[in-house]
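Quantities reported herein were computed from a predicted structural model and do not represent experimental measurements.
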Amino acid sequence: MIIDAHVHLFDYSWIPEQWWKWLGQFYNTTRGPLQTGKTYHYIESLCDPSGERLLQQMSMSGIERSIVLPLDWGISLGEPAVSILEQHEQIAEITSRSNG
């Protein structure tokens, strides 16, 4: 059995705004300026609130299980719109729909 021991699932509202600003600055510094439309697509490419993209990647890579590590930036960057408890509940729903 192949297990990926480190994956993240999140949606835009699960992460504090400060983190997204930092990510945009980091990307601009390391890869060049993002245009407004490209910024949206870049952020959108990181979000997978249903877990469908992760399940597709796992299937294509022959990974049978993944360990989801929620990101809790609330203490250092401010609480996001969706609390860490709600995030855990949503991740639990995803894992139950995908048979674990």
N/O donor-acceptor pairs under 3.5 Å from side chains in residues 15-22, not counting sequence neighbours:
{"unit_1": "Glu17", "atom_1": "OE1", "unit_2": "Tyr12", "atom_2": "OH", "d": "2.8"}
{"unit_1": "Glu17", "atom_1": "OE2", "unit_2": "Tyr12", "atom_2": "OH", "d": "3.0"}
{"unit_1": "Trp20", "atom_1": "NE1", "unit_2": "Tyr12", "atom_2": "O", "d": "3.2"}

Please tabulate, for the side chains in residues 58-84, all donor-acceptor contacts under 3.5 angstrom to protein atoms that are two or more places apart in sequence or on a different chain.
{"unit_1": "Ser61", "atom_1": "OG", "unit_2": "Gln57", "atom_2": "O", "d": "3.0"}
{"unit_1": "Asp72", "atom_1": "OD1", "unit_2": "Gly74", "atom_2": "N", "d": "3.3"}
{"unit_1": "Ser76", "atom_1": "OG", "unit_2": "Trp73", "atom_2": "O", "d": "3.4"}
{"unit_1": "Ser83", "atom_1": "OG", "unit_2": "Glu86", "atom_2": "N", "d": "3.1"}
{"unit_1": "Ser83", "atom_1": "OG", "unit_2": "Glu86", "atom_2": "OE1", "d": "3.1"}

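Annotation for Glu44 and Arg53: closest pair O-NH2, 3.6 Å, computed over non-hydrogen atoms.
Side chains of Ile91 and Phe10 form no contact here, defined as non-hydrogen atoms less than 4.5 Å apart.
When atom types are taken as modelled, the side chain of Arg97 and the backbone of Ala92 share no donor-acceptor pair closer than 3.5 angstrom. Of the possible polar contacts, one joining the Asp48 side chain to the Leu54 backbone as a donor-acceptor pair under 3.5 Å is found.
Atom OG of residue Ser50 and atom CD of residue Gln90 lie 11.0 Å apart, to the nearest 0.5 angstrom. Note: Ser98 OG to Leu55 CG = 5.0 Å, rounded to the nearest 0.5 Å.
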